[in-house]
Amino acid sequence: MTFIIAEIAQAHDGSLGMAHAYIDAVAKTGCNAIKFQTHIADAESSIHEPFRVKFSKQDATRMDYWKRMEFTLEQWKELKNHCDEVGLEFMSSPFSNAAVDVLEKVGVKRYKIGSGEVNNFVLLEKIAKTQKPVIISSGMSSFDELDKTVSFLKSRNVDYSVLQCTTAYPTKPAQFGLNVIQELKERYQVTVGFSDHSSSIEACIAATTLGAEILEFHVVFNKEMFGPDAKASLTMEETTNLVTAVRNIEVALQNPIDKTDNSNFKELKAIFEKSLAVNKDLKSGSIITFSDLETKKPKGFGILASEYENIIGKKLNKDVNQWDFLNYEDITE
């Protein structure tokens, strides 16, 4: 079954109550997991970070924003317990070794690596030591970079999977990179998925039909809310519709149709297929032309419509009336 992850990231805007509200809302959509991001500003950032700019009315700098997004260990545990209660897997992407320490105490089952951390082998080493599965987002990585990361993880016997992702918010259709899904499957022979930032459901639906086994996308209560990912997110209603579509596609993919056998349609074919008829009164001895022909339901009362060429140019051996069925015994060579 496709593993569906609804990412909250910073949509909670630093509010623990809002984070809990998202858990309850996502639980109703049918998703398998809900994912947050664990930021410890002092451990992951510096004064040289380009994003240390004023971008909100509430925060003087980007650093202030990241600090406001932090939860305590006990708060993270509360969120994890809430997820357990409503049947969602709690996930959170770490952005520092310190964040991994927090998430280990919280008790995550696996780690999602954001595309900006794929080349961060220090973080990957920290995670590898936990021996937990890893999901890699390939958004900013070339195949050469992914190869090195995969080699690093394999050398440490880490169970990994890879997501096709385009780091653009929101992602335009020309940027989806759906072709990469199969390329990743062939290259690494592991579970492959799709991480979406398009703010629409069609990308994940298409990815599912192309074999994505993991789907990840941002969710938000309203796309007009404040936050860096709001415009690239799905609403709860869109998320529910997406989950329904994905589950239906799974059923379709698990039930291939054999087009060499149409015996199940025998009765329907008799009803809907047609027999040859004439569209005008014709006298005995008339030479049949294409313009004399019509087809009428049901099949079996006249010559098969597919065999019309067999009687073009042939002579009628009796008078026929308009709309009469035409049979082989009505013609002579």
Side-chain angles (χ1 to χ4, degrees), residues 3-45 56 58-59 63-114 116-117 123 126-127 130 132-135 137 163 195-197 214-223 225-230 232-240 242-243:
F3 189 70
I4 304 178
I5 306 168
E7 175 160 8
I8 305 304
Q10 276 68 247
H12 53 72
D13 201 38
S15 165
L16 182 64
M18 185 70 77
H20 281 289
Y22 271 114
I23 292 172
D24 283 329
V26 169
K28 297 173 184 176
T29 67
C31 289
N32 301 105
I34 185 170
K35 190 178 81 66
F36 296 89
Q37 294 179 2
T38 302
H39 293 278
I40 301 176
D42 290 333
E44 72 178 64
S45 186
S56 81
Q58 184 173 353
D59 309 293
M63 182 68 155
D64 290 336
Y65 172 73
W66 289 129
K67 283 183 174 294
R68 190 163 61 82
M69 294 304 105
E70 294 180 7
F71 292 133
T72 66
L73 173 59
E74 289 308 310
Q75 288 172 329
W76 280 123
K77 287 182 177 180
E78 288 176 25
L79 293 172
K80 163 68 162 57
N81 290 338
H82 189 175
C83 289
D84 291 343
E85 290 169 2
V86 297
L88 285 173
E89 179 179 331
F90 170 86
M91 298 178 65
S92 187
S93 293
F95 291 85
S96 62
N97 283 13
V100 175
D101 288 334
V102 169
L103 293 175
E104 279 299 288
K105 293 174 182 176
V106 173
V108 294
K109 292 175 59 176
R110 70 189 91 203
Y111 283 93
K112 161 68 194 307
I113 307 301
E117 307 295 332
L123 178 63
K126 179 77 171 180
I127 292 172
T130 72
K132 291 178 179 177
V134 169
I135 302 173
S137 193
L163 306 184
S195 180
D196 183 42
H197 308 107
I214 302 171
L215 296 176
E216 178 193 54
F217 46 86
H218 288 263
V219 298
V220 71
F221 283 127
N222 187 300
K223 296 182 185 184
M225 293 177 70
F226 172 75
D229 306 311
S233 302
L234 299 183
T235 64
M236 294 301 162
E237 181 180 5
E238 288 173 325
T239 300
T240 300
L242 173 58
V243 172

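Model, not experiment: these values are computed from the prediction. Values reported hereafter were calculated over all heavy atoms of this structure, with side chains retained and with hydrogens, waters and symmetry mates removed.
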Please report the C-alpha distance between Lys35 and Ser93 in whole Å, then the side-chain angles of each, then the deciding distance to 0.1 Å, and finally whether the side-chain hydrogen bond (donor to acceptor under 3.5 Å, both in side chains) criterion is met. CA-CA 7 Å; Lys35 190 178 81 66; Ser93 293; 2.8 Å; yes
Atom pair [atom1]/[atom2] of [X] and [Y] - distance to nearest 0.5 Å:
| X | Y | atom1 | atom2 | value |
| --- | --- | --- | --- | --- |
| Phe217 | Ile5 | CZ | CD1 | 9.0 Å |
| Glu117 | Ser96 | CD | OG | 8.5 Å |
| Asp24 | Leu88 | CG | CG | 9.0 Å |
| His39 | Lys67 | NE2 | NZ | 13.5 Å |
| Glu216 | Met91 | CD | CE | 7.0 Å |
| Leu234 | Lys223 | CG | NZ | 6.0 Å |

Give the minimum heavy-atom separation between [X] and [Y], together with the two atoms involved.
| X | Y | result |
| --- | --- | --- |
| Leu79 | Ala19 | CD2-CB, 3.7 Å |
| Pro94 | Ala99 | CB-CB, 3.7 Å |
| Phe221 | Ala25 | CE2-CB, 3.6 Å |

Any donor-acceptor pair under 3.5 Å linking the side chain of [X] with the backbone of [Y]?
| X | Y | result |
| --- | --- | --- |
| Glu70 | Ala41 | yes |
| Ser15 | His12 | no |
| Ser92 | Thr38 | yes |
| Glu238 | Thr235 | yes |

Indicate yes or no: at least one non-hydrogen side-chain atom of [X] is less than 4.5 angstrom from one of [Y].
| X | Y | answer |
| --- | --- | --- |
| Lys28 | Met236 | no |
| Asp42 | Met63 | yes |
| Glu78 | Phe71 | no |
| Leu123 | Asn97 | yes |
| Glu104 | Tyr111 | yes |
| Thr29 | Ile4 | no |
| Leu215 | Asp196 | no |
| Asp229 | Val220 | no |

Run the salt bridge (Lys or Arg N to Asp or Glu O under 4.0 Å) test on Lys105 and Asp101 for me, step by step, so that the C-alpha distance in whole Å, both residues' side-chain angles and the decisive distance to 0.1 Å come before the verdict. CA-CA 6 Å; Lys105 293 174 182 176; Asp101 288 334; over 6 Å; no
Working note: Ile8 + Val219, criterion side chain to side chain contact (heavy atoms under 4.5 Å, CB included); need CA distance, chi angles, decisive distance, verdict. CA-CA 6 Å; Ile8 305 304; Val219 298; 3.4 Å; yes
Can you list the steps and then say if Ile23 with Phe36 is a side chain to side chain contact (heavy atoms under 4.5 Å, CB included)? CA-CA 10 Å; Ile23 292 172; Phe36 296 89; 4.0 Å; yes
Is the Phe226 ring parallel, tilted or perpendicular to the Tyr65 ring (thresholds 30°, 60°)? perpendicular
Under 30°, 30 to 60°, or over 60°: which ring-plane class applies to His82 and His20, parallel, tilted or perpendicular? parallel
Could you walk me through whether Leu163 and Lys112 pass the side chain to side chain contact (heavy atoms under 4.5 Å, CB included) check? CA-CA 10 Å; Leu163 306 184; Lys112 161 68 194 307; 4.1 Å; yes
Considering residues at least two apart in sequence or located in another chain, which fulfil the salt bridge (charged side-chain N to carboxylate O under 4.0 Å, His left out) criterion with Asp64?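 Once residues adjacent in sequence are excluded, Asp64 has no partner under the salt bridge (charged side-chain N to carboxylate O under 4.0 Å, His left out) criterion.
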Which residue, His218, Gln37, Arg68, forms the side chain to side chain donor-acceptor pair (under 3.5 Å) with Gln10? Gln37
